[in-house]
Amino acid sequence: MPEADIVKPSKDKNYYEHIPMISPGFFLRGAGSLDWGMKNRLARIFNPTTGRTVMLAIDHGYFQGPTTGLERIDLNIVPLMPLADALMLTRGILRTTVPPALTKPIVLRCSGGPSILKELSNEELAVDIEDAVRLNVSAVTLQVFIGGEYETRSVHNMTRLVDMGLRLGIPTMAVTAVGKAMTRDAQYFRLACRICAELGAHIVKTYYVPEGFETVTASCPVPIVMAGGKKLPELEALTMAWNAIQQGAAGVDMGRNIFQSDAPEAMMQAIAGVVHKNLKPKEALDLYETVKAREAQKSKARGQA
Ligand code: R5P
C-alpha cells in the first residue's frame, strides 16, 4: 500500500502557480491535432530534432519478387537496418527475417494483389489492421494510383486504411504510384499528393521532379518524403535528395539507390548526412567515398584473418 503523501502546510508545497502549464506542441506539419499515440508513432519515424527521416524501403518484393539487391535480405539488408530511421517493408519479411530485437520503427506495406505481370493499380488492402497492431508498427502504408485504371479503388483502399489506423492510433503513409504511361511533373504530383492528404493520409511519399517540386511540398499539408526511384549514380542520387530536402521534403524513403549501390552502408550514411545535417551533395559524396573505402579495408582484413 502506498504511504500517505507527506502532510505539509500548503505554504511549504510548491505549485508554481505563477508559471503557466507547459503544453507541448508538435514539430511535424499537419499533425498538431492528432492524438498522443499517433504523434508518438510519428515521432519515432521522424527525428524530433531535425523533423526529418531516412526511411529504408525494401518492400519491392510485394509485387516484383526478389528484386536486385533484395535477393537475400537476411545477409545484405539486415546489417543496414540500424542505420535507418525507419523501415518500410512487408509483414512477410518482417516476421521471417527482421530480428524482433531491432527497435526501428516499422512502416508496414498494407496493399497488394497484382504482380508486375498485371495491371498494378488493381490493388486491395492486404493486411488486417489487427496484424499491424500485433507487429507493433509505427505506420501503415499503401500505393495510391491517381489517374490509374483503378484510381477509385486505390483511393478507397487508402481511406479505409486511414479509418482503421485512426481507430488505433496508427498513422497512414500514402505512396503516389506512377504508372508507366503517366506524366511525372509537378502538376501531377501536386494533384496526387494533395488528394492523399485531403482524404486523410498523415505522410505522403512521392517522387522528386526537377521543376516545381517546392510547389508539391508547399501545397501538401502533411510531410512529404521523397521516393528514390531507379538506381542513379551516387552523386545524382545525393543531389536529388539534397534538392528535395531543400525544397521542403521532410526526408526520404529510398530503396534501390541504397541497396543497389556498390556500398549500401556508405550510401545510407551519406543520405543521412544530406537529410539530417544538410550536407551538400559533394560533401555527402566525400562521406560516401570515405565510408566505402573504410568498409572495403575492413572486409579485406576479415578475408585475411
Ligand atoms: C514501390 O512501389 C515501393 O513502394 C517501394 O518501396 C518504393 O516506392 C520504391 O523505392 P525506390 O524507388 O527508392 O527503390
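Both ligands and their constituent atoms are indexed starting at 1 by order of listing. None of these values were measured; they are calculated from a predicted model.
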Option whose closest heavy atom lies nearest to atom 2 (O) of ligand 1, chosen from M55, K231, Q143: Q143
What is the closest protein heavy atom to atom 5 (C) of ligand 1, and at what distance does it sit? D59 OD1, 3.1 Å
In ligand 1, which numbered atoms sit nearer than 4.0 Å to a non-hydrogen atom of M254? 13 (O)
Distance in Å, C193 SG paired with Y188 OH, rounded so as to fall on 0.5 Å steps: 8.5 Å
N/O separation below 3.5 Å, A57 to ligand 1: no
Identify, for atom 7 (C) of ligand 1, the protein heavy atom at the shortest distance, and state residue, atom and that distance. K205 NZ, 3.0 Å
Around atom 4 (O) of ligand 1, find the nearest protein heavy atom and jot down its residue, atom name and distance. R109 NH2, 2.8 Å
Do S138 and R44 meet the criterion of a side-chain donor-acceptor pair at a distance under 3.5 Å? yes
Before accepting this row, confirm whether a basic side-chain N of the pair D131/R134 lies closer than 4.0 Å to the acidic partner's carboxylate O. yes
Do me a favour and list the nearest non-hydrogen protein atom to atom 9 (C) of ligand 1 with residue, atom name and distance? H60 NE2, 3.3 Å
Name the orientation class of the two ring planes belonging to Y208 and F213 (parallel below 30°, tilted from 30 to 60°, perpendicular beyond 60°). tilted
Looking only at heavy atoms, what is the nearest atom pair of R109 and V127, with distance? O-CG2, 3.7 Å
Can you find a heavy atom in the side chain of E119 that is under 4.5 Å from one in the side chain of F145? no
List the steps and the verdict of side chain to side chain donor-acceptor pair (under 3.5 Å) for S154 and Q143. CA-CA 7 Å; S154 74; Q143 306 295 104; over 6 Å; no
With heavy atoms of R256 as the reference, note each atom of ligand 1 found under 4.0 Å away. 11 (P), 12 (O), 13 (O), 14 (O)
Within-cut-off N or O pair, V175 and ligand 1, under 3.5 Å: no
Could you tell me if T217 and Q247 have a donor-acceptor pair between their side chains, going purely by distance under 3.5 Å? no
For atom 1 (C) of ligand 1, what's the nearest protein heavy-atom neighbour? Residue, atom name and distance, please. F63 CE2, 4.0 Å
With heavy atoms and a 4.0 Å threshold, my read on which part of K230 contacts ligand 1 is neither
Among all the protein's non-hydrogen atoms, which is closest to atom 13 (O) of ligand 1, and how far away is it? G255 N, 2.7 Å
